[in-house]
Amino acid sequence: MRNLLMTLACGLLLSSLVGCLIPAYSADPARRTQELMFTSENLRLFLDDWERIWFLDQPSHLTPYRTHGGIM
């Protein structure tokens with residue numbers, strides 16, 4: 001029973017280190033900067049995608065400004 005608990009504890013400890021063993025970004029500083037810029041740009045644009053999916057980017061009819069929906 002003690003061996004099983006020790007094995008589970010070691011497995012739990014090692015499984016929490018998986019992200020640290022495999023580097024997510026390159027070791028080269030110039031390449032890492034480029035990868036981080038791409039990642040942050042993708043996360044910034046995610047909000048626009050989310051609004052487009054839920055149709056939140058449409059004009060609101062509750063604004064004090066008139067929006068014409070017909071053909072002019």
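Since we're looking at a predicted model, the values are computed, not measured. All residue numbers refer to positions in the sequence shown, counting from 1.
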Problem set entry | Electrostatic pair Glu41:Arg44 at N-O distance under 4.0 angstrom |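 Yes.
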Problem set entry | Under the side chain to side chain contact (heavy atoms under 4.5 Å, CB included) test, residues paired with Asp28 that sit two or more places apart |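 Asp28: side chain to side chain contact (heavy atoms under 4.5 Å, CB included) contacts with Ser26, Ala30, Arg31.
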Exercise. Where the side chain of Arg32 meets the backbone of Tyr25, is there a donor-acceptor pair that is under 3.5 Å apart?
Worked result: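 Looks like no, no N/O pair under 3.5 Å.
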Exercise. What's in the same ILVMFWY side-chain cluster as Leu4, cut-off under 4.5 Å, chained through other members?
Worked result: Leu8
Problem set entry | Connected via hydrophobic side-chain network under 4.5 Å: Trp50 and Leu43 | no
For this session: Kindly indicate whether the side chain of Asn3, heavy atoms from C-beta on, has any atom under 4.5 Å from the side chain of Met6.
Result: no
